[in-house]
Number of protein chains: 2
Amino acid sequence: MLSKKTKYGLKALTFIARSGDDVPVQVSVISKSEQIPQKFLESILLTLRKSGILGSKKGKHGGYYLRNAPSEIKMTDVMRVLEGPIAMVPCVSLNYYEKCDDCPDENLCSVHKLMIEVRDGTLKVFRNKTLADLSGV
Amino acid sequence: MLSKKTKYGLKALTFIARSGDDVPVQVSVISKSEQIPQKFLESILLTLRKSGILGSKKGKHGGYYLRNAPSEIKMTDVMRVLEGPIAMVPCVSLNYYEKCDDCPDENLCSVHKLMIEVRDGTLKVFRNKTLADLSGV
DNA sequence: ATTAATCCTATCAATTTAGTAGGGATTACA
DNA sequence: TGTAATCCCTACTAAATTGATAGGATTAAT
């Protein structure tokens, strides 16, 4: 299941992308418009900022803005920040690989082989999608 | 993340498929061979039996067996039984559809559109795979 | 009968999720 | 310079899920 965190994060990014111009967007505005608990959203946007996807401006008239054009913001990056590894098992993860304790030989593991294909299918989608595709901008 | 339940379930099914012949396979045997906690495995095989994928024989020399040939056991079915819906959000689930509370119009929702593609990518894999592919039988 | 197996229900500890609470730091603007 | 608005940060918490474990009831072969 997609976590609420990821869902909210994607919606917020879409909202910011659609806002278009250079003025930063406030958490409160996104929160109201997208029906996302404000404090929760704050923490999500904070992680997106720390990961470099969003920038922020503090104080009055502050808010969040995209660090790059929507077409430059890849879903692979966004999903890894919000949801974590794209692979369903660590032993097929490209970025967070970990060997399974139980599995003596990965190449003989039926789960391993299946999950590589699932991962590739998902990656194919995320690699071909940017925030521009999501937001229509 | 793939749950241990699903991982264990897939390994157990593979094991049973590879055992080949008609004698039912005991939980204790699978448990030892695949390093799966026996009581946990019991409950997993029980759900697989209740769903119709496995059959069982009680009492001495009892155990579990496949109800169909491995090539007839589709991953879509197995995954739905073990892991639940294949879709990452209920609003794109084919079998367990649910509308989102927040979303006024699905067709305008960026998350919705993205997750449909992810679902289709994953379905493509599961629809093309049977237990025969996993187990090499 | 005895033994070996599945079947069933209940319980539980650890982890994760989805928040909430409260305030600190920074900036714009009057 | 004061005040309001805004992000920033830490800590806490309730609920749900996960990954089991415990104990026995039932069934079947010998």
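Within every chain, numbering begins at 1; the chains are lettered A, B, ... in the order of the sequence lines, protein sequences first and strands thereafter. For the numbers below, each heavy atom of this structure counts, side chains included, while hydrogens, waters and symmetry mates do not.
- Sequence order on DNA chain C of the closest nucleotides to A:F40 and B:G62 puts B:G62 first from the 5' end.
- The side chain of B:K58 places no N or O atom within less than 4.0 Å of a non-bridging phosphate oxygen (OP1 or OP2) of D:dA29.
- For A:Q26 and D:dC7, a side-chain-to-base donor-acceptor distance below 3.5 Å is absent, hydrogens and geometry of angles not being considered.
- Dashed line: the shortest gap from a side-chain N or O of A:H61 to OP1 or OP2 of D:dT6 is not under 4.0 Å.
- When the side-chain nitrogen and oxygen atoms of B:Y8 are compared with OP1 and OP2 of D:dA20, one or more of them lie within a distance under 4.0 Å.
- Look at NZ on A:K60: it is 6 Å from C1' on C:dC29, rounded to the nearest Å.
- Each of A:K39 and B:K57 has a nearest nucleotide on DNA chain C; the 5'-most of these lies closest to B:K57.
- Looking at B:S31, its side chain never comes within 3.5 Å of a backbone N or O of B:V27 through a donor-acceptor pair.
- An OP1 or OP2 oxygen of D:dC8 is reached within less than 4.0 angstrom by a side-chain nitrogen or oxygen of A:Y64.
- Exactly one of A:L48, A:I30, A:I16 qualifies for a side-chain contact (heavy atoms from CB on, under 4.5 Å) with A:Y64. That residue is A:I16.
- For B:P37, the side-chain atoms get nearest to D:dA20 when compared with the rest of D:dG24, D:dA29, D:dA20.
- Counting any heavy atom pair closer than 4.0 Å across all strands shown, A:K50 reaches sugar-phosphate atoms only and no base atom.
- Distances shown here put every side-chain N or O of B:R49 at or beyond 4.0 Å from the OP1 or OP2 atom of C:dT6.
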